[in-house]
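Here is the structure we will look at.
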Amino acid sequence: MSDSETVPSATAEATPQPLPPATAPDSPPRTPGSAPALPQPALEIAAGYAFTGPALDLGALLWDGTCLPDAQIRIPLPMLNRHGLVAGATGTGKTKTLQLIAEQLSAQGVPVFLADVKGDVSGISAPGTRNDRVGSRAAEVHQKWTATGFPAEFYALGGLGHGIPVRATITSFGPVLLSKVLQLNQTQEQSLGLIFHYADQKGLDLVDLKDLRAVVAFLTSDEGKAELKNIGGLSTATAGVILRSLTAFEAQGMADFFGEPEFDTAELLRTVADGRGVVSLLELPAVQDRPQLFSTFLMWLLADLFHDLPEVGDADKPKLVFFFDEAHLLFNDASKAFLDAITQTVRLIRSKGVGIFFVTQTPRDVPSDVLAQLGNRVQHALRAFTPDDQKALRATVKTFPNSAYDLEELLTGLGTGEAVVTVLSEKGAPTPVAATRLRAPESLMGPVDAAVLDRAVRSSQLYDRYAQAVDRESAYEKLTAARTSGGAGGAKGPDEMKSAKPRESKRESKRESKEDSSVVEQVVGSGVFKSLARSLGTQIGREITRSVFGTARRRR
């Protein structure tokens, strides 16, 4: 059964057991005309979720196999920037949980980013369809279900698939993230960092892969070897590894992901006229076979947001909630430096109003230092068919606070659309562990028709801004021109190219200066320039600084 199915579990379809009578010793007395009293343990759990401020409704409490709709399980809206984890085995309903949370965030004016790995979350943009299963689930948890679609933008990495193309320049991506994608070792990563440093200093814009190849080739040529001599140099062997990795990377069709116009991550923070937050969906089915690429690209989006957003501290609601699907792919084979950088980003981005939810199969997929930052937990069912499964189950149980449940038994018995929940209360303290029957999403639980999706993409105000790739003069063109102009006397380096200007008369100089000024005014005022100005490669009016990931910071 896939995540897209929302069939209630066997326990959900069974006839609910009656609540204990009013005279039962573990049940508080009823008052005339009131709802049936909750069992005492359930009452204590429910009290932990009785928040006074705005909150997201997840579902109703499960106790002793019975759904108790008067005990609602919720997440305080201001606590969504304290990050979270949605985990569970395949087919337990994780994707629908993401959809449920994203809908409510959008409704409360919070933009959402979702990485749609399987391509089945695009339905969030369309109203759902009521059927017997949806009606049954809504009745069980006392949900007032209304078919509703939510404002959405659809993106695709490099335009591969349905969506507005999302590109990054090589410069802004940086050496650390690129090393992760190219699977370089620590020494090769350090050498790549030197190459980026040289390009930054010489004004050689690294826009796409051919730019990076050109700089590496120059630094290993007779003319370029001396350039890095004083800071360690670049060995021919290491340069060869980097060039071969780039060639293999490009052969897999990756070249389109790097270039301009570069995507402005501020687009992810938008709301629409009625105040609802935009749900940004990055469609990834076309790159499922390149997991390191899309997981690292998601990290680039986060790193870029981290450096652009101001500090806001604790706010009434997040600026953005970012769902990081298939999170284990990000951490697999990651270097210590890379993991340290992720941990630092997760820890610090909270104060900038961004919440991150990692989505994976077990908490063990996430390093402990990162897991410690995740205050909100929605744990779907786990399987325990093998000794390794049983070990993972026991490790998962240990990550939860003390509970009135037998969690090992509970986690293997949950049905689809059920989960164990603990979140941070309005005061920042963990809530009691609560087995929960989750609500049904109100949008379409499945993908929208391809034709509908294409129309939505092409009618977006962002389509004209990002759809057409632009190949301006950058490192490749500058170094090619330097080599060509060198002639028999040998190729010129970047510094020589800067100073090599033909003689001209004062009249010609004045005329060209005036013409250039007019052209510059026209270009600066154009939409294309404003889009390109967001690219980190250009040196106009900006200074390159690099983050913990080596990504270059933009000034917008």
Side-chain angles (χ1 to χ4, degrees), residues 51-56 58 74-86 98 100-115 150-153 155 166 172 263-282 298-325 327 330 341-359 370-378 423-430 534 545 547-549 551 553-556:
F51 310 125
T52 57
L56 308 185
L58 293 180
R74 313 165 76 211
I75 305 179
L77 187 61
M79 292 293 108
L80 268 294
N81 71 330
R82 302 301 176 93
H83 311 319
L85 176 73
V86 178
L98 303 188
L100 172 67
I101 296 174
E103 289 178 350
Q104 295 186 63
L105 285 168
S106 173
Q108 299 212 41
V110 179
V112 177
F113 175 88
L114 275 171
F150 295 84
E153 290 280 8
Y155 300 100
V166 174
S172 95
F263 182 69
D264 183 355
T265 51
E267 310 286 11
L268 305 179
L269 305 174
R270 294 183 299 125
T271 56
V272 292
D274 63 8
R276 291 183 298 170
V278 173
V279 180
S280 298
L281 290 163
L282 183 63
L298 296 185
M299 204 65 234
W300 170 76
L301 291 174
L302 270 181
D304 196 69
L305 283 166
F306 174 75
H307 287 288
D308 284 350
L309 291 175
E311 295 280 340
V312 295
D314 292 324
D316 293 337
K317 61 183 180 182
K319 285 188 174 182
L320 173 72
V321 176
F322 194 102
F323 290 93
F324 211 127
D325 204 359
L330 180 69
I342 294 174
T343 304
Q344 184 176 349
T345 301
V346 171
R347 182 183 295 120
L348 298 179
I349 204 170
R350 176 189 68 79
S351 64
K352 300 197 174 189
V354 176
I356 305 169
F357 272 70
F358 292 97
V359 186
V370 176
L371 192 63
Q373 307 297 319
L374 312 182
N376 303 297
R377 299 276 299 278
V378 180
V423 301
L424 293 180
S425 70
E426 292 167 311
K427 296 181 179 180
R534 282 188 290 266
T545 57
S547 71
V548 290
F549 283 105
T551 55
R553 183 173 181 174
R554 287 185 274 195
R555 292 182 179 177
R556 295 193 179 100

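Below, all heavy atoms of this structure are taken into account, side chains as well, without hydrogens, waters or symmetry copies. Numbering of residues begins at 1 and proceeds along the displayed sequence.
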Answer whether the closest heavy-atom distance between the side chains of [X] and [Y] falls below 4.5 Å.
X: Arg270; Y: Glu153; value: yes
X: Leu85; Y: Phe357; value: no
X: Leu105; Y: Leu77; value: yes
X: Phe322; Y: Val112; value: no
X: Val359; Y: Phe324; value: no
X: Ile75; Y: Leu424; value: no
X: Asn81; Y: Val354; value: no
X: Gln108; Y: Leu56; value: yes

How far does [atom1] of [X] sit from [atom2] of [Y], to the nearest 0.5 angstrom?
X: Met79; Y: Arg82; atom1: CE; atom2: CZ; result: 4.0 Å
X: Gln104; Y: Arg74; atom1: CD; atom2: CZ; result: 9.5 Å
X: Phe113; Y: Leu320; atom1: CZ; atom2: CG; result: 9.0 Å
X: Phe323; Y: Ser280; atom1: CZ; atom2: OG; result: 12.5 Å
X: Thr345; Y: Ile356; atom1: OG1; atom2: CD1; result: 7.5 Å
X: Leu309; Y: Ile349; atom1: CG; atom2: CD1; result: 7.0 Å

Look only at the side chain of [X] and the backbone of [Y], and say whether a donor-acceptor pair between them is shorter than 3.5 Å.
X: Asn376; Y: His83; value: yes
X: Thr271; Y: Gly275; value: no
X: Arg377; Y: Val423; value: no
X: Ser351; Y: Leu348; value: yes
X: Lys352; Y: Phe306; value: yes
X: Ser106; Y: Ala102; value: no

Distance-minimising heavy-atom pair for [X] and [Y]:
X: Pro151; Y: Gly277; answer: CG-O, 3.5 Å
X: Val312; Y: Gly353; answer: CG2-N, 3.5 Å
X: Asp274; Y: Val272; answer: OD1-CG2, 2.9 Å
X: Pro76; Y: Ala55; answer: CA-CB, 3.9 Å
X: Pro111; Y: Leu268; answer: CB-O, 3.3 Å

Taking the six-membered ring for Trp, is the centroid-to-centroid distance between Tyr155 and Phe263 below 6.0 Å?
-> yes
Walk me through it: do Val110 and Leu80 pass the test side-chain contact (heavy atoms from CB on, under 4.5 Å)?
-> CA-CA 10 Å; Val110 179; Leu80 268 294; over 6 Å; no
Hey, mind stepping through Arg350 and Asp314 against side-chain contact (heavy atoms from CB on, under 4.5 Å) and telling me if it holds?
-> CA-CA 8 Å; Arg350 176 189 68 79; Asp314 292 324; 3.2 Å; yes
After noting the C-alpha distance and the side-chain angles of Leu302 and Asp304, does the key distance pass the side-chain contact (heavy atoms from CB on, under 4.5 Å) rule?
-> CA-CA 5 Å; Leu302 270 181; Asp304 196 69; over 6 Å; no
Establish, from distance only, whether the side-chain atoms of Thr265 and Trp300 form a donor-acceptor pair under 3.5 Å.
-> no
Within 6.0 angstrom of Asp316 CG, more than 12 heavy atoms from elsewhere = no
Check step by step if side-chain contact (heavy atoms from CB on, under 4.5 Å) holds for Glu426 and Thr52.
-> CA-CA 8 Å; Glu426 292 167 311; Thr52 57; 3.5 Å; yes
Give me the one residue out of Ile101, Val279, Asp325 that meets side chain to side chain contact (heavy atoms under 4.5 Å, CB included) with Leu114.
-> Val279
